[in-house]
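Order of the sequence lines fixes the chain letters, A, B, ..., with proteins taken first and strands second; residue numbering starts at 1 for each chain.
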Protein chains: 2
Amino acid sequence: MKTKQVTQLTGLTKDTIRFYEKEQLIPPPSRDVNGYRIYSEKTVEQLNMITMAKNLGFTLKEIKDLTQLLGKNNLTQQAMAAKLIEKSKEIDAKITELTNIKALIDHALKGMCEYKDKLS
Amino acid sequence: MKTKQVTQLTGLTKDTIRFYEKEQLIPPPSRDVNGYRIYSEKTVEQLNMITMAKNLGFTLKEIKDLTQLLGKNNLTQQAMAAKLIEKSKEIDAKITELTNIKALIDHALKGMCEYKDKLS
DNA sequence: ATAAACTGTGGAGCTTACTCTACAGTCAAG
DNA sequence: CTTGACTGTAGAGTAAGCTCCACAGTTTAT
């Protein structure tokens, strides 16, 4: 598929997609005879993962490193395992912190009379 | 306490702390007779919360809005409840996404022989 | 009493992550 | 066959979030 459709499927602008290509967060797409970029559905999935990870506070560099780790086997198994374990722990820590912040918010809500009516 | 001690307790630089003051993420501290800033322990806690929230992908603006919501009662109860519920749901979504990413990583780890030995 | 450390201000500069501009080729519809 | 939507490239500009600099007053230790 071409750029336009990818922008519609991902909510990203063409500039952002091109930027991610330049920064090697996604593989360079194949090209049509006219030079137009042709994207695979896999790339669309990758772009959506990038968006998710960004919302969770990962930088583009971290995302790049992590996806390369998950996708390739050019590291020793030990090195890769170590990095993945590190990331896994980071994520656990984030989940814990989010849970704490949510508790704060929910506590504030509990103190308000409308609480029980609005919480879905 | 003075700036130096706050930098040690929070891991933030004096510049960052001053920046947060300028951006009104923390209240302007009281001043000593010589003009030096005197911070309360509450502000130190606030700074640590800011750091946490930043790690979780919240922007400074979102953090500012959220802390003002939690700290003040200048909104109608309904408006405040609505915003807090919205934030609470956003956080739930983040937790879900983090859990998904962690599952990916842990799955990759499970496929590796060293997995059982290294996972704490 | 003087050097070293700390604090203040204002403003410039930097990095990340886009976002936009300018200009040109391509393609589909009327 | 031309008009408008789409695509391409290169490079400049922008916003957020710091980070650093220059210069000046204060305080502490020796």
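The cluster map of Ile, Leu, Val, Met, Phe, Trp and Tyr, joined by side-chain heavy atoms under 4.5 Å apart, puts A:Val44 and A:Ile38 in different clusters.
Enclosure of atom CD in B:Gln24 is not indicated, since only 12 or fewer non-hydrogen atoms of other residues, nucleotides or ligands lie within 6.0 angstrom.
DNA chain C lies under 4.0 Å from no heavy atom of any residue of residues 39-47 of chain B. Within a heavy-atom distance below 4.0 Å of DNA chain D, the residues of residues 23-31 of chain A found are A:Arg31.
Atom CD1 in B:Ile38 sits about 13 Å away from atom C1' in D:dT27, given to the nearest Å. For the pair B:Glu21 CD and C:dG10 P, the interatomic distance rounds to 11 Å; values are reported in whole Å. Atom P of nucleotide D:dA16 and atom CD of B:Glu62 are separated by 12 Å, given to the nearest angstrom. Summarising the geometry, the separation between CD1 on B:Ile17 and C1' on D:dG17 is reported as 15 Å, rounded to the nearest angstrom. Here C:dA28 presents its C1' atom at 13 Å from CG of A:Asn34, a figure rounded to the nearest Å. Going from atom CD of B:Gln5 over to atom P of D:dT27 covers 17 Å, rounded to whole Å. Spacing between atom CG of A:Asp32 and atom C1' of C:dG25 amounts to 14 Å, rounded to whole angstrom units.
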All N/O pairs under 3.5 Å across the protein-nucleotides 17-20 of chain C interface:
unit_1, atom_1, unit_2, atom_2, d
C:dA17, OP1, A:Leu60, N, 2.9
C:dC18, OP2, A:Tyr20, OH, 2.6
C:dC20, N4, A:Asp15, OD1, 3.2

Report each atom pair, protein N/O against N/O of nucleotides 4-6 of chain C, whose distance is under 3.5 angstrom.
unit_1, atom_1, unit_2, atom_2, d
C:dC6, OP1, B:Lys4, NZ, 2.8

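The shortest distance between side-chain heavy atoms of B:Leu69 and B:Asp65 does not fall below 4.5 Å.
For the pair A:Lys94 and A:Phe58, the distance from NZ or CZ to the six-membered ring centre is under 6.0 Å and the angle to the ring normal is within 45 degrees.
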Identify every side-chain donor-acceptor pair in residues 1-12 of chain B under 3.5 Å, counting partners at least two apart or on other chains, and give the distances.
unit_1, atom_1, unit_2, atom_2, d
B:Thr7, OG1, B:Lys4, O, 2.5
B:Thr10, OG1, B:Val6, O, 2.7
B:Thr10, OG1, B:Leu12, N, 3.1

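In terms of modelled atom types and a separation under 3.5 Å, the side chain of A:Ser88 and the main chain of A:Leu84 share no donor-acceptor contact. With hydrogens and angles disregarded, a donor-acceptor distance shorter than 3.5 Å links the side chain of A:Asn34 to the backbone of A:Tyr36.
For B:Ser40 and B:Thr43, the side-chain atoms include at least one donor-acceptor pair closer than 3.5 Å.
Under 4.0 Å is where a charged nitrogen must lie from a carboxylate oxygen, and between A:Glu90 and A:Lys87 at least one such pair does. Ion pairing between A:Asp106 and A:Lys110 fails under the 4.0 Å rule for side-chain N and carboxylate O.
Partners of B:Asp92 according to the salt bridge (Lys or Arg N to Asp or Glu O under 4.0 Å) rule, which considers only residues two or more places apart in sequence or in another chain, are A:Lys102.
A pairwise comparison of heavy atoms in A:Ile17 and A:Ile26 identifies O-CD1, 3.8 Å as the closest pair.
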